[in-house]
Each structure stands twice: as structure tokens, then as C-alpha cells.
J.: 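One structure, pasted below without further comment.
Position 1 is the first residue of the sequence, and the numbers go up from there. Every value quoted in this text rests on a predicted model; they were computed, and no experiment measured them.
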Amino acid sequence: MGTNKKSMSKDKNNSWKRGNSNYKNKKCPFESGTLKIDYKDPRTLQKFISERGKVMPCRISMVSSRKQRALALAIKRARYLALLPYVAN
């Protein structure tokens, strides 16, 4: 009933580690400076809203936490001004 040490080794080829070759670090799209968070730009905000009208979480959209809070606020402002819908059609 012993454990096999070879199967428990920390190898770079194990799929359960984040360091495998299939994992890619994505960066925040707003950090590069090409996109800006603005409530008056519904096309940019629409990219970060799901099909049902919900704000996408930062783990899916790869937006940093600081920019995610600003993005959510901009989406709420755009909804209030009727630039974006509250729910999907």
C-alpha cells in the first residue's frame, strides 16, 4: 500500500500543473493602451458582456481586477443611459 514516487513526481510534462506548454498567460486588453474604458463606447463594452447580458468575469475576459471594477461601472452607466440593454433580446 505504498505510493509510487514516480507517479507523484513534479514533472513539467504533467497536465495538472500550470507550467505546461498548453497554458498561456494572457494580459489585460486595457493595459496595452489600445482599448480604453468609456461608457460612451458601447462597441467596446459589448465585448465584455455575455449573450444573456451579464458582465463577463475577469477569469474569462482576462481583465485585471482594477480594470474589471471600472469596466463594470462603465457598463452600468451605459445601461442607465440606454446605450446598452439590461437583458438580452
Side-chain angles (χ1 to χ4, degrees):
M1 283 213 138
T3 350
N4 188 357
K5 288 190 177 186
K6 282 190 174 183
S7 64
M8 300 292 284
S9 66
K10 295 180 181 178
D11 190 25
K12 286 187 177 181
N13 296 329
N14 286 343
S15 61
W16 57 271
K17 281 188 74 177
R18 278 188 123 176
N20 65 359
S21 61
N22 295 332
Y23 182 80
K24 293 180 183 178
N25 284 333
K26 294 184 181 178
K27 300 204 177 197
C28 177
F30 298 109
E31 294 293 327
S32 63
T34 57
L35 288 176
K36 291 192 177 188
I37 300 172
D38 189 15
Y39 70 93
K40 295 174 277 188
D41 187 13
R43 280 192 177 165
T44 304
L45 298 178
Q46 192 71 39
K47 295 176 186 176
F48 299 98
I49 297 176
S50 70
E51 295 173 353
R52 305 194 108 197
K54 295 182 177 182
V55 180
M56 293 175 96
C58 57
R59 70 175 186 274
I60 295 173
S61 62
M62 291 303 185
V63 178
S64 64
S65 59
R66 181 179 292 171
K67 299 288 184 175
Q68 179 75 16
R69 288 190 293 270
L71 180 67
L73 184 65
I75 290 172
K76 290 174 187 177
R77 285 180 180 166
R79 284 176 175 164
Y80 181 75
L81 294 173
L83 299 174
L84 289 175
Y86 280 98
V87 292
N89 293 332

J.: Not counting sequence neighbours, which residues clear side chain to side chain donor-acceptor pair (under 3.5 Å) with Asp41? List them please.
T.: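 With sequence neighbours excluded, Asp41 shows a side chain to side chain donor-acceptor pair (under 3.5 Å) to Thr44, given in chain and number order.
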
J.: Quick one: closest heavy-atom pair of Pro85 and Arg79, and the distance?
T.: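 Looking at all heavy atoms of both residues, the shortest contact is O-NE, 3.4 Å.
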
J.: Could you check if a side-chain atom of Met56 sits within less than 4.5 angstrom of a side-chain atom of Lys47, using non-hydrogen atoms only?
T.: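 Met56 does not reach Lys47 side chain to side chain.
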
J.: At what distance, to the nearest 0.5 angstrom, does CG of Asp38 lie from CZ of Arg77?
T.: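 These two atoms lie 10.0 Å from each other.
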
J.: Can you tell me how far apart SG (Cys28) and CG (Leu71) are? Round to the nearest 0.5 Å.
T.: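 The CG atom of Leu71 is 9.0 Å from SG of Cys28, to the nearest 0.5 Å.
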
J.: What's the spacing between Ser64 OG and Arg69 CZ if we round to 0.5 Å?
T.: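 Here the interatomic distance stands at 8.5 Å.
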
J.: Apply the test side chain to side chain contact (heavy atoms under 4.5 Å, CB included) to residues Ile49 and Lys54: give CA-CA distance (whole Å), side-chain angles for both, the deciding distance (0.1 Å), then the verdict.
T.: CA-CA 5 Å; Ile49 297 176; Lys54 295 182 177 182; 6.0 Å; no

J.: Phe48: what forms a ring-ring contact (aromatic ring centres under 6.0 Å, His included) with it, not counting sequence neighbours?
T.: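 Testing Phe48 for ring-ring contact (aromatic ring centres under 6.0 Å, His included), a comparison that skips the adjacent residues, returns Phe30.
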
J.: Any idea which heavy atoms bring Leu45 and Ala74 closest together, and the distance?
T.: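 Here Leu45 and Ala74 meet closest at CD1-O, 3.9 Å.
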
J.: Listed by chain and number, what are the side chain to side chain donor-acceptor pair (under 3.5 Å) partners of Ser61, not counting sequence neighbours?
T.: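 If we apply the side chain to side chain donor-acceptor pair (under 3.5 Å) test to Ser61, skipping adjacent residues, there are no hits.
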
J.: Please name all residues satisfying side chain to side chain donor-acceptor pair (under 3.5 Å) with Thr34, sequence neighbours left out, ordered by chain then number.
T.: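 By the side chain to side chain donor-acceptor pair (under 3.5 Å) rule, Thr34 matches Ser32.
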
J.: Through direct or indirect side-chain contacts below 4.5 angstrom among Ile, Leu, Val, Met, Phe, Trp and Tyr, which residues connect to Tyr80?
T.: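 Once heavy-atom contacts under 4.5 Å are chained together, Tyr80 belongs with Tyr39, Leu81, Leu83, Tyr86.
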
J.: Could you list the residues that satisfy side-chain contact (heavy atoms from CB on, under 4.5 Å) with Gln46, not counting sequence neighbours?
T.: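 Testing Gln46 for side-chain contact (heavy atoms from CB on, under 4.5 Å), a comparison that skips the adjacent residues, returns Leu84.
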
